[in-house]
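In what follows, a single structure is set out as C-alpha cells and then discussed.
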Amino acid sequence: MKTLHRFYNMKAGLIDLGKLSAEVIPLDYDILSERIGGAAVNMALFDRYGQGDPIVLGVGPLTGSFAPASCLMVATFRSPKSGRITHVPLMFRTGPDMKFAGFDYLVIIGSAEEPRVLFFTEGRADFLPAGHMAGLNISENMRAMKREWRHVRSVVLTGPAADKGLSCASVSIGTGGSLDKAGLASLMAAKNLKGFIFHGIDGIPFGEKNLALGDEMMKGLAAGSKANRGFLSVLEKCGAGDSAAGSLRNYRMKHMACYHCPSPCMSHVTVSMPGTSRGKEAPE
C-alpha cells in the first residue's frame, strides 16, 4: 500500500513562461491508474494543455530509486523538425534530480519575453534571467551558471545552434550532449527558454529491503561489465571497436554511466576546433 500511496501522490507543476507563474496541478486518479508513468502520463498532460504548445517533462515510479539505471526523464513535445509529437529520453541524473527537487511531472507552456532559465528545487520553480547566456557555447554557459547560481546539480541547456533558430538544434545535459534528435532545443529557444536546472535535495521513500536488493542487482550487472570502455564497447560488439579506438586515441575521452548504473556505455570526447590550440578553451 505504501508503493501505491506514493504512486498516486505524484506531483506535477504547471509553468507559464508568459506569466512567469508556477502552480501545482492535480494528477487525476484515472491518469495514473491506467498508465505506468513517463511518456504515457506525459502524453495525457500534453493533450490536456495542448493549446499552449507545451513541453512536458516526466519520470516514472522507479526513477531515483535503488533500481539499477533508474535515471530516465522523458521530454514530450511537438517536434519543430517533423511537426509530430515526440518523446525524447534525457539521462544521466536528470530524472532523479527532478524528482528529488520535488516534481514528477512538469508542463511548460507559453513563451517568455526575455531569455530565462528555470530553476527547480524544494518543490518550487524560479525564473532566472538568462539574456547574458545568448551565443555562448555549452561549456561557457555551464561555467557561467556555476559562477552565478552555484547550486547546479543537473542541467539541460540549449546552445548557439538554438540561438540561431536551427530546427535541428539539440539540448545538452551539462556538457555531455543528449539523445535529442527532434529539436527540443529549438522549441525551447522559441519559448525564450535557455535551460532547466534541477537541484534535487530531497530523497524518496523506500522499503527496508530495497537498498540490499538494489546492491545485489548492481553487483550482478557490474560483474558482466567490468571491461566496458564506454561507447567503444558498444562498437566492439558491432565489429567496429578497433578502428574507432584508433581514430579516437589522440582525443581526451571520458566514459560515463547514468545514475545508479554500473555500465558506462557513453563516451564524452573533447575535440579542438580549427584555429585553437591545446590548453585553450574550445567547444566540446
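One is the number of the first residue; the rest follow in order along the sequence.
For Pro54 against Val107, the heavy-atom pair with the smallest separation is CB-CG1, 4.0 Å. Contact record, Met98 with Asp104: CE-O, 3.2 Å, taken as the closest heavy-atom pair. Considering all non-hydrogen atoms of both residues, Leu72 and Pro89 come closest at CD1-CB, 3.5 Å. Contact record, Leu193 with Thr158: O-CG2, 4.0 Å, taken as the closest heavy-atom pair. In terms of heavy atoms, Ala169 sits closest to Asp180 at O-OD2, 3.7 Å. Minimum interatomic distance between Ser79 and Thr86 (heavy atoms only, all atoms of both residues): CB-OG1, 3.4 Å.
Shown here are the ring pair (Phe, Tyr, Trp, His ring centres under 6.0 Å) partners of Tyr105, two or more places apart in sequence or in another chain: there are none. Considering only residues two or more places apart in sequence or on other chains, Leu20 meets the side chain to side chain contact (heavy atoms under 4.5 Å, CB included) condition with Arg116, Phe127. Remark: Asp97 engages Arg93, Arg153 in a salt bridge (charged side-chain N to carboxylate O under 4.0 Å, His left out) (not counting sequence neighbours). Looking at residues two or more places apart in sequence or on another chain, you find a salt bridge (charged side-chain N to carboxylate O under 4.0 Å, His left out) between Asp126 and Arg124.
With contacts defined as side-chain heavy-atom distances shorter than 4.5 Å, the pair Ile109/Ile15 does not qualify. Residues Val117 and Met133 are in side-chain contact: their nearest non-hydrogen atoms beyond the backbone lie under 4.5 Å apart. His199 is not listed as a side-chain neighbour of Glu122, based on a closest heavy-atom distance of 4.5 Å or more. Contact check for Phe196 versus Leu57: side-chain heavy atoms found under the 4.5 Å cut-off. Side-chain contact between Phe77 and Asp53 is absent, with no heavy atoms from C-beta onward closer than 4.5 Å.
Within the structure, the side chain to side chain donor-acceptor pair (under 3.5 Å) test picks out the following pairs touching residues 37-52 (sequence neighbours left out): Asp28-Arg48, Asn42-Thr76.
Between the side chain of Thr121 and the backbone N or O of Phe119 there is no donor-acceptor pair closer than 3.5 Å. When atom types are taken as modelled, the side chain of Thr94 and the backbone of Met73 share no donor-acceptor pair closer than 3.5 angstrom. Within the 3.5 Å criterion, the main-chain N or O of Gly110 finds a donor-acceptor partner in the side chain of Lys191.
Once rounded to the nearest 0.5 Å, the distance linking CG of Leu157 with OG of Ser172 reads 7.0 Å. A distance of 9.0 Å separates CD1 of Ile108 from CG of Leu14, quoted to the nearest 0.5 Å. Note: Lys194 NZ to Met145 CE = 9.5 Å, rounded to the nearest 0.5 Å.
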* **Verdict with supporting geometry, Ile173 and Leu90, side-chain contact (heavy atoms from CB on, under 4.5 Å)** => CA-CA 8 Å; Ile173 300 172; Leu90 301 175; 4.0 Å; yes
* What's the verdict on side-chain contact (heavy atoms from CB on, under 4.5 Å) for Glu113 and Asn192, showing C-alpha distance, side-chain angles and the deciding distance? -> CA-CA 7 Å; Glu113 293 185 3; Asn192 248 343; 5.7 Å; no
* Stepwise side-chain contact (heavy atoms from CB on, under 4.5 Å) test for Asn141 and Arg143 -> CA-CA 5 Å; Asn141 269 326; Arg143 286 192 289 270; over 6 Å; no
* **Test log, rule side-chain contact (heavy atoms from CB on, under 4.5 Å), inputs Ser111 and Leu17** => CA-CA 5 Å; Ser111 300; Leu17 292 171; 5.5 Å; no
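Under the 30°/60° scheme for interplanar angles, the aromatic rings of Phe120 and Phe198 are found to lie parallel.
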Could you list the donor-acceptor pairs under 3.5 angstrom formed by side chains in residues 181-189, with sequence neighbours left out?
residue, atom, partner, partner atom, Å
Ser186, OG, Leu166, O, 2.4
Ser186, OG, Ser167, O, 3.2

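Hydrophobic cluster membership differs between Val24 and Val56, with clusters built from Ile, Leu, Val, Met, Phe, Trp and Tyr side chains linked at under 4.5 angstrom. Criterion: ILVMFWY side-chain heavy atoms under 4.5 Å apart, direct or through other members. Under it, Ile197 and Leu136 are not part of a common hydrophobic cluster.
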